[in-house]
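Beneath this line is the structure, given in structure tokens, with notes to follow.
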Amino acid sequence: MELMPASFFQQPALTLAQNLLGCELIKETEEGTASGYIVETEVYIGAVDKAAHSYNYKRTKRTEVMFGEAGHAYTYVMHTHCLVNVVAGEQGEPEAILIRAVEPVRGIDLMYKRRGDKKEKELTSGPGKLTKALGIVKNDYGHPYGEPPLYIAKGFTPEHISTGPRIGIDNSEEARDFPWRFWVTGNRFVSR
DNA sequence: AGACCGATACGCT
DNA sequence: GCGTATCGGTCTA
């Protein structure tokens with residue numbers, strides 16, 4: 001396994017979001033190890049993006065980690081689910097990349113146990129589903145992706161990448177049309 | 001397509 | 001303290 005170096009995260013968010021596609025996201029817990037290839041991402045850029053929690057450089061306890069170094073985990077809870085992001089951008093620029101879907105790789109039995117689903121596609125085909133399948137929790141907030149128990153490794157190189165508007169941000173005025181969602185074309189675990 | 005679930009954070013009183 | 005909105009998921013029709 002080849003971990004992504006810290007320098008990997010030092011690239012513009014819009015290119016990082018595409019280069020994260022195909023990378024393996026891994027989480028180790030007491031229950032075991034589970035991982036998946038990232039197949040869908042979304043970019044959030046606080047400086048210009050009304051859909052971002054950090055819009056207009058809004059600095060709170062929750063958004064704080066996005067102002068720091070790239071390559072750390074930004075987790076938050078919405079409704080009953082935990083969602084996971086990769087912090088991007090220079091220090092002081094609050095940017096993040098939401099992981100919206102992964103393709104199961106390791107610990108698939110563990111994922112079924114955690115999700116309790118029959119259909120494989122339902123294991124990880126959404127931002128809330130994949131965190132539950134992999135065992136990612138709010139407490140992973142701030143963790144650097146270069147070391148256990150939560151890290152990112154080299155996976156596969158996608159043949160083709162698609163792009164389009166992001167999901168679930170209809171109240172964000174013009175930002176809702178930004179084509180800042182990226183996915184591996186044709187991959188069946190993409191959320192929609 | 002719509003209702004419900006219900007954890008948090010934030011902004012206001 | 002309290003009301004409100006939320007980068008979803010799941011169940012019921």
Side-chain angles (χ1 to χ4, degrees), chain A residues 13-14 16-18 20-21 25 27 34 36 38-68 70 72-89 93-104 110-143 145 150 152 161-184 187-192:
Chain A
L14 285 165
L16 178 59
Q18 295 170 74
L20 277 169
L21 295 174
L25 177 66
K27 175 70 192 278
I38 296 168
V39 297
E40 182 179 355
T41 57
E42 280 181 3
V43 174
Y44 291 86
I45 297 180
V48 295
D49 181 6
K50 286 181 182 167
H53 295 152
S54 55
Y55 175 59
N56 202 21
Y57 296 91
K58 187 167 73 169
R59 196 162 192 150
T60 67
K61 185 176 173 66
R62 183 171 66 158
T63 64
E64 184 63 34
V65 72
M66 286 191 274
F67 288 83
H72 289 238
Y74 168 42
T75 56
Y76 68 94
V77 176
M78 72 104 33
H79 293 275
T80 54
H81 310 286
C82 178
L83 275 60
V84 66
N85 300 57
V86 178
V87 172
E93 291 297 324
E95 306 175 2
I97 295 160
L98 171 66
I99 310 297
R100 281 196 59 89
V102 305
E103 174 179 335
L110 181 54
M111 295 191 212
Y112 276 110
K113 182 181 159 196
R114 285 168 170 160
R115 296 276 296 125
D117 283 316
K118 297 263 168 79
K119 285 172 283 200
E120 186 187 22
K121 183 184 185 291
E122 298 305 315
L123 288 178
T124 56
S125 57
K129 298 177 189 176
L130 74 92
T131 55
K132 188 169 182 190
L134 297 183
I136 294 170
V137 293
K138 194 191 80 162
N139 199 42
D140 290 313
Y141 183 93
H143 179 83
Y145 279 110
L150 177 62
I152 293 175
I161 293 172
S162 298
T163 184
R166 294 169 292 176
I167 304 293
I169 55 161
D170 290 346
N171 284 340
S172 300
E173 302 172 43
E174 80 281 355
R176 65 187 223 157
D177 298 322
F178 296 173
W180 287 357
R181 182 166 74 108
F182 302 95
W183 67 93
V184 176
N187 187 282
R188 70 193 187 99
F189 290 95
V190 172
S191 64
R192 62 178 87 167

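All chains are named by letter (A, B, ...) in the order of the sequence lines, taking the proteins before the strands, and each is independently numbered beginning at 1.
- Counting heavy atoms from C-beta on, the side chains of V102(A) and I38(A) come closer than 4.5 Å.
- Here R59(A) pairs with E64(A) under the salt bridge (charged side-chain N to carboxylate O under 4.0 Å, His left out) rule; sequence neighbours left out.
- For the pair I45(A) and F178(A), the minimum side-chain heavy-atom distance is 4.5 Å or more.
- Counting non-hydrogen atoms under 4.0 angstrom, K129(A) reaches the backbone sugars and phosphates but no base.
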Show each protein N/O and nucleotides 3-8 of chain B N/O combination with a separation under 3.5 Å, one pair to a line.
residue: dG6(B); atom: N2; partner: H79(A); partner atom: ND1; Å: 2.3
residue: dA7(B); atom: O4'; partner: H79(A); partner atom: O; Å: 3.0

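- Under the side chain to side chain contact (heavy atoms under 4.5 Å, CB included) criterion, T80(A) pairs with no residue, sequence neighbours left out.
- For DNA chain C, the stems formed by at least three consecutive Watson-Crick or G-U pairs, with both atom-pair distances below 3.5 Å, span B:1-5 with C:8-12, B:7-12 with C:1-6.
- For E42(A), the salt bridge (charged side-chain N to carboxylate O under 4.0 Å, His left out) criterion is met by R100(A), not counting sequence neighbours.
- H53(A) and Y74(A) have perpendicular rings, their planes meeting at more than 60° on a 0 to 90° scale where under 30° would count as parallel.
- Residues passing the ring-ring contact (aromatic ring centres under 6.0 Å, His included) test with H72(A), sequence neighbours excluded: none.
- Applying the salt bridge (charged side-chain N to carboxylate O under 4.0 Å, His left out) test to R114(A) and every residue at least two apart in sequence or in another chain returns E31(A).
- Considering only residues two or more places apart in sequence or on other chains, K121(A) meets the salt bridge (charged side-chain N to carboxylate O under 4.0 Å, His left out) condition with none of them.
- Counting only heavy atoms from C-beta outward, the side chains of I152(A) and L20(A) approach each other to under 4.5 Å.
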I would like to know whether L83(A) and Y76(A) meet side-chain contact (heavy atoms from CB on, under 4.5 Å); could you show each step before the answer?
CA-CA 6 Å; L83(A) 275 60; Y76(A) 68 94; 3.3 Å; yes
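- In terms of position on DNA chain C, the residue among R115(A) and L98(A) whose nearest nucleotide sits closer to the 5' end is L98(A).
- Scanning for ring-ring contact (aromatic ring centres under 6.0 Å, His included) contacts around W183(A) gives an empty result, with sequence neighbours left out.
- The stretch residues 55-68 of chain A touches DNA chain B through K58(A), T60(A), R62(A), each having a heavy atom under 4.0 angstrom from the strand.
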Check residues 168-176 of chain A and write down every donor-acceptor pair under 3.5 Å in which the side-chain atom is one partner and the other belongs to a residue at least two apart or another chain.
residue: S172(A); atom: OG; partner: I169(A); partner atom: O; Å: 3.3
residue: E173(A); atom: OE1; partner: K50(A); partner atom: NZ; Å: 3.1
residue: E174(A); atom: OE1; partner: K50(A); partner atom: NZ; Å: 3.4

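- For DNA chain C, the contact window with chain A, defined by any atom under 4.0 Å from a protein heavy atom, covers dT6(C) to dT10(C) in 5' to 3' order.
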